[in-house]
Amino acid sequence: MSFINISQDFQYLMPTKIIFKLGVLSELPTLKIQMGKKPFIVTGKYSSKINGALEKVMEVFPNAEVFDDVEENPSIETCDRAGQLCRDSQCDWVIGIGGGSPLDVSKVVAGLATNGGKCEQYFGRDLFFKTPLPILAIPTTAGTGSEVTPYAVITNPQNNTKQTVADTKIFPKIALLDPRLTITLPHQTTLSTGLDALSQSMEGLVSKKATPISDCLATESCKLIFKWLPEVLLQPENIEGRYWLLYASLLSGIVIAQTGTTLVHALGYYYTLNYKVPHGVANALFLIPMFKRNITFFSEKLRFIIEFLGEEYYREHPEISLKKALLRFFKDINFSPISTSWGVPDDQLELFSEQLHSDSYRFRNQYGAFSKKEIYNIFKETFEI
Ligand code: NAP
């Protein structure tokens, strides 16, 4: 059942062709994917070599130019360097292999290759004038859903923020999802990326841009993560679990492509950029403080989370039920929702609150009014759960 008001109009755009199959990367030669003469491969430093993804792609496209220098939370400088190499090597399509970091860089590269200029010029919405190069996205984490979003989230060291290139022209043309590629994910990355997908889907449910379609997908995605993340963390080679977590992450990407993210992400960036807390963990630290507030607007809509996690729904105090339910899930996955467990001190919270409060863009999808004091309280609550 949808909780959307029937007077609300909505649109739905998801132009990416999805190919989802266990072992599909080994079938790449027979898929006849050819988007140009010479591909530009964008990947991270290690994992695509260790899990064999890069080798399998190179076997099919031996003339590809490879950029394998993408770091976590990639910077504008990395995007500019990769964009220049793509232009210099005259590649005419792009393949992104890896987690959200390489996939995001591949999107910026595709835009820079045809439009020129620097990454920084394209922070904002729909600023690529010329059609970017076509992109094949091959995710190897189950967390961001970047393979089906029109966003690239890039770190700008000049102002120590993460900024977004949002452009419907950078939706990948094809997303190739092979759950086998995620088996090599270490425990901490499985945890963090799973929490990122959960956060995206939960935020999608409470976004001002939620639609009946995004609600369906987000609900399914949350349930799959609640069910399978604990199992996969116990048994990393559980292929059925890996399959459903990658699917849940894909759904979360389709969700945020429609709804965007909310204040949870905006808050999490402070911990990632200042204390190197992994992206998904940083988001998860804010789930209890923020959803305690979000549930006052959406108690019936979020009820399934409480009941799915085996807690009783208190109609008068749904925020208590939700907190108990999330704590139960966090215990199941052995995740501490306390900031100090992740090396975050509380000595800069005033500054973070002030910065976030003055950045109105971060509140565009969020219900509720947030004073500077309220934002401070939210940061503070991550130390006291
Ligand atoms: P990531 O930063 O891409 O990768 C994290 C780590 O996991 C890296 O060390 C990476 O290795 C490793 N790794 C990746 N796949 C692996 C595998 N199969 N086996 C073993 N190790 C593997 O992580 P992510 O969480 O997927 O991406 C986070 C980034 O995506 C953030 O910058 C976030 O802001 C962004 N994001 C974007 C969107 C969007 O819509 N565009 C949505 C959400 C988040 P390598 O160093 O070798 O690569």
Side-chain angles (χ1 to χ4, degrees), residues 14 16 25 41-54 56 67-76 78-79 96-108 135 137-156 161-168 170-172 175 177-201 203-204 232 236-237 242 245-246 249-262 264-266 268-269 271-273 276-284:
M14 225 306 285
T16 305
L25 197 63
I41 296 179
V42 179
T43 190
K45 291 185 175 72
Y46 316 106
S47 63
S48 65
K49 292 166 194 150
I50 294 165
N51 65 21
L54 181 60
K56 286 201 172 103
F67 181 88
D68 60 357
D69 202 20
V70 179
E71 73 280 32
E72 290 182 39
N73 306 300
S75 69
I76 48 178
T78 300
C79 293
I97 311 172
S101 300
L103 298 192
D104 284 1
V105 174
S106 75
K107 294 172 179 177
V108 178
I135 304 165
I138 307 177
T140 64
T141 60
T144 71
S146 175
E147 67 277 7
V148 285
T149 75
Y151 315 123
V153 186
I154 306 299
T155 303
N156 187 348
T161 57
K162 282 188 143 194
Q163 289 179 268
T164 304
V165 176
D167 197 316
T168 51
I170 57 171
F171 266 113
L177 295 98
D178 183 347
R180 279 202 203 288
L181 293 176
T182 64
I183 286 183
T184 49
L185 282 168
H187 184 90
Q188 278 302 316
T189 321
T190 301
L191 174 74
S192 173
T193 49
L195 288 170
D196 188 20
L198 175 66
S199 193
Q200 295 189 156
S201 291
E203 289 175 72
V232 168
E237 299 200 354
R242 292 288 188 188
L245 284 183
L246 188 61
S249 162
L250 170 76
L251 294 185
S252 80
I254 301 175
V255 168
I256 61 159
Q258 318 301 318
T259 66
T261 54
T262 62
V264 168
H265 263 69
Y269 289 154
Y271 289 178
T272 298
L273 289 171
K276 301 207 175 329
V277 179
H279 174 66
V281 167
N283 291 336

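Both ligands and their constituent atoms are indexed starting at 1 by order of listing.
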Problem set entry | Under 3.5 Å: donor-acceptor pair, side chain of R242, backbone of E237 | no

Problem set entry | Interatomic spacing from OG1 in T149 to CD1 in I170 - rounded to 0.5 Å | 7.0 Å

For this session: May I ask you to decide if G143's main-chain N or O and S249's side chain share a donor-acceptor pair within less than 3.5 Å?
Result: yes

Problem set entry | Residues D104, S146; criterion side chain to side chain donor-acceptor pair (under 3.5 Å); working and verdict | CA-CA 7 Å; D104 284 1; S146 175; 2.7 Å; yes

For this session: Return the protein residues near ligand 1 (heavy atom under 4.0 Å from any of its atoms), ordered by chain and residue number.
Result: G44, K45, Y46, S47, N51, E72, N73, P74, G99, G100, S101, P102, D104, K107, T140, T141, T144, S146, T149, Y151, V153, K162, L181, T184, L185, P186, T189, T193, D196, Q200, I256, H279

Problem set entry | Residue pairs passing the salt bridge (Lys or Arg N to Asp or Glu O under 4.0 Å) test where at least one lies in residues 41-50, sequence neighbours excluded | K45-D69, K49-D68

Exercise. Would you say the side-chain atoms of T43 and S48 include a donor-acceptor pair closer than 3.5 Å?
Worked result: yes

